[in-house]
Amino acid sequence: MTTPPLRSAPARHPALPTPRQWLVVLLITLQLSWVLSALSSGPFLSVLLRIAFIGVLLLLTYTASASVRRRWLPPALLRPLAVALVAPLATLAIFLLTERVPAKRPLVYGYIMLAILSVVTGTLATLVALRLERKAKERAARLQQERERDTLERELTAARLRLLQAQIEPHFLFNTLANIAALVEAKSDNAGPVLRHLIAYLKAAMPRLNDADATLDTELQLVRAYLELMHMRMPDRLQFSVQVASELHGLPFPAMALLTLVENAVRHGIDPSLEGGRIEVGGKADTASGRITLWVGDTGQGMSASAQPGTGLANVRTRLQALYGPGARLDLHEETPHGVHVELTFMPRSAA
């Protein structure tokens, strides 16, 4: 078996100047050329040629030095030093290319002054550019950190929702199986029809237990199916109504959350009561504030003095807040003369 040839790491090439950098050099060149031409009374075009030549070389030096790495010299010092060293050499080169006469004292003075001006201007421009680059990198790093934090928060929220749903699913399944056992033990004539409806209900419900895109409409379908089953089990003791404004049906909603409240109403309100009772499921939107209100009320036994909210209610509250923010609420109230009213209130996502 032949081993594939090793690929060498791609060579690093110095970055080319950006259009913005070319524009800055052009503006500095024009300004310096105008000032020097006015001070020396020399031809503007000749001065512009020299300054432009120096400016281009310094810009190329600045960009090329970005790819140089020296452990003993940080980039913040290396790049200004490179520009400061190239500036007098670039000035000398343009003098040698443009002056055809032997060196005279005025030319030497002119070279020295232009070299000093090139070093000072190039170094200052380099320091300013490095500062702007550092700020741009810091801004990009902050944006990247914010994106990563948002991603982690979304992943954490999704993980919390999966965990809470995993806690609710066994609770719901065990309660359903307990209902089947009660029917069989009582040898009720409704055991067969209820069992068939229960199997059909579970087939429809189980795929939705982990549905991340569940809506209030799918939740209401499960609630109606569940209440129909419970009504078949105790037709003389359970009455119900489900009336939620149609414009709310498309809202995202935690899967099995409303069903948990209805199940609690049946198990803790209607079942223990000899007279049974009525369960009302409703929902509306406040036209003034835009706030959504959903509720599950029953006229069953009500809460005992020692009753404490269970895991199901805590999970519903946590999942609702994970979906609609910390402003989402779950409130539990006693009804008169007996019964319980559970109310969910939250702002839709677009207004949250």
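Since we're looking at a predicted model, the values are computed, not measured.
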Side-chain heavy atoms nearer than 4.5 Å, only ILVMFWY residues, links allowed to pass through others: does that put [X] and [Y] together?
| X | Y | result |
| --- | --- | --- |
| Leu59 | Val119 | no |
| Ile112 | Phe53 | yes |
| Leu32 | Val120 | yes |
| Val35 | Leu49 | no |
| Trp295 | Leu313 | no |

Determine, stepwise, if the pair Asp331 / His333 fulfils side-chain contact (heavy atoms from CB on, under 4.5 Å).
CA-CA 7 Å; Asp331 297 309; His333 307 285; 3.5 Å; yes
Side chain of [X], backbone of [Y]: donor and acceptor closer than 3.5 Å?
| X | Y | value |
| --- | --- | --- |
| His231 | Leu238 | yes |
| Thr299 | Arg278 | yes |
| Glu280 | Asp298 | no |
| Ser46 | Pro43 | no |
| Thr126 | Gly122 | yes |
| Ser273 | Gly269 | no |
| His249 | Val244 | yes |
| Thr63 | Leu60 | yes |

Exercise: identify the closest heavy-atom pair between [X] and [Y]:
| X | Y | value |
| --- | --- | --- |
| Ala82 | Ser65 | CB-CB, 4.2 Å |
| Ala288 | Asp286 | N-OD1, 2.9 Å |
| Thr293 | Glu343 | CG2-CG, 3.5 Å |
| Ile292 | Pro348 | CG1-CD, 3.9 Å |
| Leu259 | Leu222 | CD1-O, 4.0 Å |
| Ser118 | Thr91 | OG-OG1, 3.4 Å |

Quick check: are there more than 12 heavy atoms from other residues, nucleotides or ligands sitting under 6.0 Å from [atom1] of [X]?
| X | atom1 | result |
| --- | --- | --- |
| Arg131 | CZ | no |
| Gln243 | CD | no |
| Arg291 | CZ | yes |

How far does CG of Leu130 sit from NZ of Lys137, to the nearest 0.5 angstrom?
8.5 Å
So do [Y] and [X] actually touch side chain to side chain, heavy atoms under 4.5 Å?
| X | Y | answer |
| --- | --- | --- |
| Met234 | Asp271 | yes |
| Leu216 | Leu294 | yes |
| Leu127 | Pro80 | yes |
| Gln301 | Pro272 | yes |
| Leu251 | Tyr324 | yes |
| Pro254 | Val316 | no |
| Val47 | Ile51 | yes |
| Leu220 | Leu258 | yes |

Mind checking side chain to side chain donor-acceptor pair (under 3.5 Å) for Glu133 and listing every partner two or more places apart, or none if nothing turns up?
Tyr62, Arg79
Tell me which one of Leu57, Ile54, Leu89 satisfies side chain to side chain contact (heavy atoms under 4.5 Å, CB included) with Ile94.
Ile54
Please report the C-alpha distance between Phe240 and Arg224 in whole Å, then the side-chain angles of each, then the deciding distance to 0.1 Å, and finally whether the side-chain contact (heavy atoms from CB on, under 4.5 Å) criterion is met.
CA-CA 9 Å; Phe240 69 89; Arg224 289 190 183 93; 5.5 Å; no
Report the C-alpha distance between Leu320 and Leu330 in whole Å, list the side-chain angles of each, state the deciding distance to 0.1 Å, and finish with yes or no for side-chain contact (heavy atoms from CB on, under 4.5 Å).
CA-CA 9 Å; Leu320 192 67; Leu330 184 152; 5.7 Å; no
Cut-off 3.5 Å, side chains only: do Arg147 and Gln144 have a donor facing an acceptor?
yes
Carefully, step by step, assess Thr260 and Asn315 under the rule side-chain contact (heavy atoms from CB on, under 4.5 Å).
CA-CA 10 Å; Thr260 299; Asn315 282 346; over 6 Å; no
Donor-acceptor list for residues 17-31 side chains, cut-off 3.5 Å, not counting sequence neighbours:
residue	atom	partner	partner atom	Å
Thr18	OG1	Gln21	N	3.2
Gln21	OE1	Thr18	N	3.0
Thr29	OG1	Val25	O	2.7

